[in-house]
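Computed from heavy atoms alone, side chains included, the values below leave out hydrogens, waters and symmetry copies. We count residues from 1, following the sequence as given.
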Amino acid sequence: MPKDRTNTTNNSTSRAAGPLFDKNLGQHILKNPLVVNSIIEKANLKSTDTVLEIGPGTGNVTVKILENSKSTFAVEMDPRMAAELSKRVQGTPLQKKLQIIVGDFLKTDLPYFDVCISNTPYQISSALVFKLLRHRPLWRVSILMFQREFALRLVAKPGDSLYCRLSANVQLLAKVDHIMKVGKNNFRPPPKVESSVVRMEPRYPPPPVDFDEWDGLLRILFNRKNKTVSSSFKSTPVLEMLEHNYKTIASLNGQIVPDEFNIKEEINKVIESSGFDQQRPAKMDNDDFLLLLSKFVEAGFRFTAK
């Protein structure tokens, strides 16, 4: 009785095509060399640069990075992909310039680097951006691939339909530019969504603001970004949170809060003094938010419990 050769044939075909891609890890390998070269060009790499690459896959971008930099740390979650990448440079002059870190980027202690390049697993886009922006010492530039809508949110301006808390938060900490659209067919396998590449440069020195306080304010304002600033502070949970924090700060500073203290009236005073009471967050810029935050802080209000 002849053996069933179907499985053998399928397995051989899979091996010939390279490693099987894990959709749960968001694996989509950039295959178009023109796009790869454009990414390397936009990074403006120097021969002295140490590069951090996130999600190197089989190494199409990695090889070009290695050819144009001093050294590269490649963070890859999938051990199979890491093995493919290792084999790709084995026995070449590039091998000694590459260090592969196998693990979850979000849980990895990052080394020093000058430039970051990433074909980002789209499900970790936001967490990845803020991990990079909090990294010290600051790096020079990052070239990052994202789902197009996410990329457009990063660069959105006041008044744009996609302008949101993410836009304001990232633009507080970095200069962000949309530099390239990348269609689905440039990847293997093709993703379900279109992609874009952004260039991000951290602001130096970083803005002199407590980011947690800033973000606490923006959470309130962008909960309903088309409502007025005054309306954003009328909900009971917001009033209770601000009153609790106000009294906590006062207690820590040895100050007595008078019995007639009225949280609604005090908040209205702050907002009116800023001149933003009838403004809508959807059309306010970061200078506006900074001024509003400073007015709240001066009046003794905090948006975090620390």
Side-chain angles (χ1 to χ4, degrees), residues 19 21-31 35-36 38-45 49-86 88-89 94 97-148 150-151 154 166 170 173-174 176 178-180 182 186-188 191 193 195-202:
F21 299 108
D22 189 337
K23 291 183 179 179
N24 293 326
L25 297 178
Q27 291 177 342
H28 300 281
I29 304 303
L30 184 59
K31 66 179 184 179
V35 177
V36 172
S38 293
I39 288 173
I40 299 301
E41 179 184 337
K42 297 296 184 182
N44 193 25
L45 294 177
D49 279 340
T50 295
V51 179
L52 174 70
E53 186 185 14
I54 306 164
T58 55
N60 293 343
V61 179
T62 316
V63 169
K64 290 293 183 181
I65 295 173
L66 292 168
E67 290 173 351
N68 290 275
S69 64
K70 178 182 178 182
S71 61
T72 298
F73 292 94
V75 182
E76 174 56 60
M77 191 166 186
D78 188 343
R80 301 170 308 153
M81 290 290 183
E84 289 288 325
L85 176 57
S86 181
R88 184 163 182 170
V89 299
L94 302 179
K97 299 170 71 175
L98 175 65
Q99 182 172 330
I100 301 173
I101 302 171
V102 181
D104 183 345
F105 168 77
L106 298 180
K107 298 177 182 177
T108 299
D109 291 330
L110 301 181
Y112 169 87
F113 61 94
D114 302 291
V115 177
C116 176
I117 296 176
S118 174
N119 178 13
T120 308
Y122 293 160
Q123 64 267 34
I124 67 165
S125 295
S126 184
L128 179 146
V129 166
F130 286 104
K131 176 160 184 168
L132 288 176
L133 290 173
R134 289 189 174 106
H135 181 72
R136 295 295 183 272
L138 286 171
W139 32 273
R140 188 172 76 247
V141 65
S142 286
I143 307 295
L144 309 171
M145 179 92 70
F146 293 116
Q147 180 178 336
R148 180 157 309 152
F150 183 87
L154 290 178
L166 174 70
V170 172
L173 302 174
V176 194
H178 182 282
I179 58 175
M180 191 191 318
V182 184
N186 292 289
F187 299 89
R188 179 168 62 92
V193 296
S195 301
S196 283
V197 178
V198 302
R199 176 186 175 91
M200 188 177 298
E201 298 178 33

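- Taking all atoms of both residues into account, the shortest heavy-atom contact from Ser38 to Met180 is CB-CE, 3.5 Å.
- You'll find the side chain of Leu98 reaches within 4.5 Å of the side chain of Leu85, heavy atoms only.
- Not a single side chain to side chain donor-acceptor pair (under 3.5 Å) links Ser142 to another residue, sequence neighbours left out.
- Rounded to the nearest 0.5 Å, atoms CD (Glu201) and CZ (Arg140) are 9.0 Å apart.
- Arg148 meets the side chain to side chain donor-acceptor pair (under 3.5 Å) test with Ser196; sequence neighbours excluded.
- For the atom pair CE of Met145 and CG of Leu30, the computed distance is 4.5 Å after rounding to the nearest 0.5 Å.
- Here Leu173 pairs with Leu133, Pro207, Phe211 under the side-chain contact (heavy atoms from CB on, under 4.5 Å) rule; sequence neighbours left out.
- In this structure, the separation between CZ on Phe187 and CG on Asn119 is 5.5 Å, given to the nearest 0.5 Å.
- Between Leu52 and Trp139, the closest side-chain pair of non-hydrogen atoms is not below 4.5 Å.
- With sequence neighbours excluded, the residues forming a side-chain contact (heavy atoms from CB on, under 4.5 Å) with Ser126 are Phe130, Phe150, Leu166, listed by chain and number.
- Taking CD1 of Ile143 as the start and NZ of Lys42 as the end, the distance is 8.5 Å to the nearest 0.5 Å.
- Here the closest heavy-atom approach between residue Val198 and residue Ala151 is recorded as CG1-CB, 3.8 Å.
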Please step through side-chain contact (heavy atoms from CB on, under 4.5 Å) for the pair Ile29 and Met81, ending with a clear verdict. CA-CA 11 Å; Ile29 304 303; Met81 290 290 183; 4.2 Å; yes

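- The salt bridge (Lys or Arg N to Asp or Glu O under 4.0 Å) contacts involving residues 51-74 comprise Lys64-Glu67, where partners must be two or more places apart or lie in separate chains.
- The shortest distance between side-chain heavy atoms of Val129 and Val170 falls below 4.5 Å.
- Atom OG of Ser71 and atom CD of Gln99 lie 8.5 Å apart (nearest 0.5 Å).
- Every residue two or more places apart in sequence or in another chain that forms a side-chain contact (heavy atoms from CB on, under 4.5 Å) with Asn68 is listed here: Ile40, Leu45.
- For the side-chain contact (heavy atoms from CB on, under 4.5 Å) test, residues two or more places apart in sequence or in another chain that qualify with Arg88 are Thr58, Asn60, Val63.
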#### Entry: Derivation and outcome, side-chain contact (heavy atoms from CB on, under 4.5 Å), residues Arg199 and Val141
CA-CA 7 Å; Arg199 176 186 175 91; Val141 65; 3.5 Å; yes

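- Here the closest heavy-atom approach between residue Ser69 and residue Val51 is recorded as CB-CG2, 3.8 Å.
- Between Asp78 and Arg80, the shortest heavy-atom distance links the atoms OD2-NH2, 2.7 Å.
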N/O donor-acceptor pairs under 3.5 Å from side chains in residues 109-118, not counting sequence neighbours:
residue : atom : partner : partner atom : Å
Tyr112  : OH   : Asp114  : OD1          : 2.5
Asp114  : OD2  : Thr50   : N            : 2.7
Ser118  : OG   : Ile54   : O            : 3.4
Ser118  : OG   : Thr120  : N            : 3.3
Ser118  : OG   : Thr120  : OG1          : 2.9

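- Residues Leu132 and Met200 are not in side-chain contact: their nearest non-hydrogen atoms beyond the backbone lie 4.5 Å or more apart.
- Taking both residues in full, the closest heavy atoms of Leu144 and Phe146 are given as CB-CE1, 3.4 Å, listed atom of the first, atom of the second, then distance.
- Annotation: the span from Ile101 atom CD1 to Met77 atom CE amounts to 14.0 Å, rounded to 0.5 Å.
- When every heavy atom of Glu76 is checked against every heavy atom of Pro56, the shortest pair comes out as OE1-CD, 3.4 Å.
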